[in-house]
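In what follows, a structure is listed as structure tokens, so that the remarks can point back to it.
Whatever order the structure lists them in is the order used to number ligands and atoms, beginning at 1.
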Amino acid sequence: MRAEHQLPIVVVGAGSAGVVVASHLAQDPAIRVLLIDNGDQLGGTSLLNYMVGMWGMREDYDWQQKFGCKGWGWESVQRTFSLLPDVLHCVDESDAGDVDKALLAAAVSRKVPIVGNLYREVLSGRGAGWTALTMKNGKRHSVVETYMSSCTNFANLSIRLQTEVDSVVVNGMRATGVQLTSGELIEARGVVLCAGALASPVLLRRSGIDKPGIGNGLKNHPSIALSFALRESAQSSVCIGANIRESSSIGIGDINILSMNFVDPQQRVGAIIGGVMQVTSQGNVEYDPNTRSGKVFFNTLSTEHDVLVMRETIRQVHAYAESPQMQAIASNACSDDQGTAAEWLGDASDEQIDVWSREQSGVYSHPACTCAMGSPENESAVVNEFGQVIGFENLWVCDASVLPDLPRANTHLPVVMVANRIGAMLREKFRC
Ligand SMILES: Cc1cc2nc3c(=O)[nH]c(=O)nc-3n(C[C@H](O)[C@H](O)[C@H](O)COP(=O)(O)OP(=O)(O)OC[C@H]3O[C@@H](n4cnc5c(N)ncnc54)[C@H](O)[C@@H]3O)c2cc1C
């Protein structure tokens with residue numbers, strides 16, 4: 001048997017968080033790192049997301065005060081955000097599309113202040129600007145290009161793709177390795193689960209770890225879209241080039257409105273999307289011990305708060321769609337994929353809007369909070385401020401699941417921020 005310090009730290013999942021964590025650990029040549037993913041390439045969801053970069057708002061990160069996560073407050077989080085490699089491309093007039101330009105012009109006429117760097121504006125409840133995208137030289141810049149290119153030749157980093165982890169091997173209250181679905185056992189000095197908000201809680205349960213918070217507290221940003229026929233086909237190379245932060249009557253900066261220059265391959269259909277960015281509805285990932293799998297219940301729009309903010313989001317998106325600026329470039333806004341004209345929304349009662357939002361709303365694909373970080377005294381907390389599973393040695397979780405609450409932002413950059421901080425803490429811990 002090998003001495004423990006010769007064993008690898010196994011990082012499970014090579015997405016937005018896992019790649020960052022593995023790259024931090026691999027910077028120390030004395031630490032052996034094994035990065036495992038069940039997909040056929042590195043990058044996870046950062047390879048397919050819409051690339052919109054946002055930090056959120058200052059109070060979104062008062063985690064020490066609200067959840068007892070020591071060391072997590074705006075000052076420290078901002079430091080990490082500011083030090084992230086600069087991979088954001090800010091769209092401008094030269095690459096923006098007609099929908100972007102019309103949406104921003106409509107925002108100006110609605111007296112929304114134009115903000116230069118909306119992605120890192122953390123105080124204003126209203127603001128409009130060009131979108132910041134995780135792109136370089138016109139191409140997606142995922143966490144792979146940003147964090148992995150410098151370490152793929154490191155002798156201490158091994159990568160196994162198309163390899164599915166079944167569970168963590170736990171001996172008493174200590175993780176000693178992982179078991180693959182192929183049956184293979186891999187001994188480890190430590191295990192970091194970065195499998196994403198829907199998979200990490202399932203992996204914990206499959207490993208026999210049973211804490212009340214695991215899989216609970218699931219949050220997501222509900223969204224709606226109005227699509228329309230463009231008068232001329234879209235010429236823009238970017239899909240989403242305009243970003244607007246609005247406020248509801250009961251919140252600040254809790255509505256997000258995005259342009260979509262094209263939603264169809266012919267580029268003749270555009271859309272405006274609206275998202276509720278501060279939510280109180282919670283769902284869960286329910287674990288079934290018989291099938292050893294998890295079933296996801298998003299439970300979105302299940303609180304009065306969220307229904308009300310969604311109603312106001314819809315009214316605002318409709319107002320943008322009906323604006324003279326949008327009418328100049330598009331016609332026939334539709335409220336569903338059967339082509340129902342969206343005009344009716346103008347006279348619709350609150351009840352009609354609520355029924356419609358229940359039928360038509362989707363989500364921004366920002367699942368989070370299913371292994372929430374918090375104080376060990378808090379029963380619903382799953383990991384502590386280091387990402388360590390409370391009560392267990394050598395076992396950490398670091399991905400969207402550990403966010404204790406959803407920020408008013410798309411989640412990729414917040415997850416990357418968290419992974420940079422936990423990755424650095426782990427490297428320090430494992431320094432020989
Ligand atoms: C369609 C879509 C659009 C989005 N658009 C945006 C956007 O524009 N801006 C933004 O900020 N955010 C966006 N997001 C959200 C954002 O990309 C995610 O919040 C973020 O990437 C989550 O990172 P993660 O590390 O938690 O999980 P992931 O990046 O999903 O990584 C998890 C990895 O674990 C692997 N894995 C899971 N289970 C196992 C297992 N048992 N064994 C081995 N490997 C396993 C998975 O294959 C995956 O590679 C979008 C998401 C989607 C789905």
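With hydrogens left out, the protein atom closest to atom 6 (C) of ligand 1 is Asn49 CB, 3.4 Å, a heavy atom. With hydrogens left out, the protein atom closest to atom 49 (O) of ligand 1 is Asp37 OD2, 2.6 Å, a heavy atom. When only non-hydrogen protein atoms are considered, atom 52 (C) of ligand 1 lies nearest to Ser365 CB, 3.3 Å. Atom 28 (P) of ligand 1 has as its closest protein heavy atom Thr45 OG1, 3.4 Å. Summary of contacts: the protein heavy atom closest to atom 10 (C) of ligand 1 is Asn410 CB, 3.2 Å. In terms of protein heavy-atom proximity, atom 11 (O) of ligand 1 is closest to His412 N, 2.7 Å. The closest protein non-hydrogen atom to atom 47 (O) of ligand 1 is Asn38 OD1, 2.6 Å.
Judged by distance alone, with hydrogens and angles left aside, the side-chain atoms of Ser207 form no donor-acceptor pair with the main-chain N or O of Ile209 at under 3.5 Å. Between the side chain of His221 and the backbone N or O of Met277 there is at least one donor-acceptor pair closer than 3.5 Å. With hydrogens and angles ignored, the 3.5 Å screen pairs no side-chain donor or acceptor of Asn137 with any backbone N or O of Lys139. Listed for the Gln388 side chain is a donor-acceptor partner under 3.5 Å among the backbone atoms of Phe392. Panel note: side chain Asp166, backbone Gln179; no donor-acceptor pair is recorded below 3.5 Å. No donor-acceptor distance shorter than 3.5 angstrom exists from the side chain of Thr131 to the backbone of Leu133, with no hydrogens or angles considered. Here the side chain of Asp60 pairs a donor or acceptor atom with the backbone of Met57 at under 3.5 angstrom. Of the possible polar contacts, one joining the Asn394 side chain to the Arg189 backbone as a donor-acceptor pair under 3.5 Å is found. Using modelled atom types, no side-chain atom of Asp37 and backbone atom of Leu161 make a donor-acceptor pair closer than 3.5 Å.
Ligand 1 has an N or O atom lying under 3.5 Å from an N or O atom of Met51, backbone or side chain. Of the N or O atoms in Val165, one or more lie within a sub-3.5 Å distance of an N or O in ligand 1. An N or O contact shorter than 3.5 Å links Thr411 to ligand 1 by distance. For ligand 1, the polar-atom distance check against Ser16 finds a nitrogen or oxygen pair separated by under 3.5 Å. Of the polar atoms of Val52, at least one N or O is found under 3.5 Å from an N or O of ligand 1, judged by distance alone. Ligand 1 has no nitrogen or oxygen under 3.5 angstrom from a nitrogen or oxygen of Leu48. The N/O atoms of Val12, backbone and side chain alike, include none that comes under 3.5 Å of an N/O atom in ligand 1.
Of the listed residues (Asn49, Asn256, Asn220, Thr411), just one forms a side chain to side chain donor-acceptor pair (under 3.5 Å) with Tyr364, and that residue is Asn256.
Heavy-atom contacts of Gly13 reach the following atoms of ligand 1: 33 (C), 34 (O), 35 (C) (cutoff under 4.0 Å). Per-residue contacts place Ala199 under 4.0 angstrom from the following atoms of ligand 1 (heavy atoms of the residue considered): 37 (C), 38 (N). Each of the atoms 12 (N), 13 (C), 14 (N), 15 (C) of ligand 1 lies under 4.0 Å from some heavy atom of His366. The distance from ligand 1 to the heavy atoms of Glu164 drops below 4.0 Å at these ligand atoms: 41 (N), 42 (N). Of all atoms in ligand 1, numbered sequentially from 1 with element shown, those under 4.0 Å from a heavy atom of Gly196 are 26 (O), 27 (O), 32 (C).
Assignment of Ile240 to the shell around ligand 1 is not supported, since no heavy atom sits closer than 4.0 Å.
Ring geometry for Trp396 versus Phe430: interplanar angle over 60°, hence perpendicular rather than tilted (30 to 60°).
The shortest heavy-atom contact between Ser76 and Gly73 is OG-O, 3.1 Å.
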